[in-house]
Amino acid sequence: MGSCIKGLESGESHIPYRDSKLTRILKDDLSGKAHNIMIACVGRNFSQAEETVNTLQYASKAAKIKV
C-alpha cells in the first residue's frame, strides 16, 4: 500500500495497485472516482510512540494525494 500512496502522491504515470490486496480493492477509490475519509488511530502512551509516528506519517502522505 505504501508504494501505491507514494506513486499517487508524486504523480507517477504507473501506480502499482497490484502490489497489495488492499490497493486492488480500493483502486477505484484511490484513482479519484470516489470521496475517501481516512481515520488515523493514535495512542498517547510512550510505548505506542513509534507506531503513532508511523501512522501520522502515513496519513500525512495519504492526505497529499491529488487526483
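All heavy atoms count here, side chains included; hydrogens, waters and symmetry mates do not.
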Check your understanding: T55 side chain to E51 main-chain N or O, any donor-acceptor pair under 3.5 Å?
Key -> yes
Point to revise | Shortest non-hydrogen contact between R18 and R24, atoms and distance | key: O-NH2, 3.1 Å
Review point. Should M38 and L56 be counted in the same cluster of Ile, Leu, Val, Met, Phe, Trp and Tyr side chains packed under 4.5 Å apart?
Key: no
Review point. Considering residues at least two apart in sequence or located in another chain, which fulfil the side-chain hydrogen bond (donor to acceptor under 3.5 Å, both in side chains) criterion with S10?
Key: E12
Point to revise | Closest approach of T23 to C4 (non-hydrogen atoms, all atoms of both residues) | key: CG2-CB, 3.6 Å
Exercise for review: Go through the steps to decide whether Y17 and D28 satisfy the test side-chain contact (heavy atoms from CB on, under 4.5 Å), and finish with yes or no.
Suggested key: CA-CA 10 Å; Y17 292 111; D28 290 336; over 6 Å; no
Exercise for review: Go through the structure and list residues passing side-chain hydrogen bond (donor to acceptor under 3.5 Å, both in side chains) with Q48, not counting sequence neighbours.
Suggested key: none
Check your understanding: Does G43 offer a backbone N or O that forms a donor-acceptor pair with the side chain of T52 under 3.5 Å?
Key -> yes
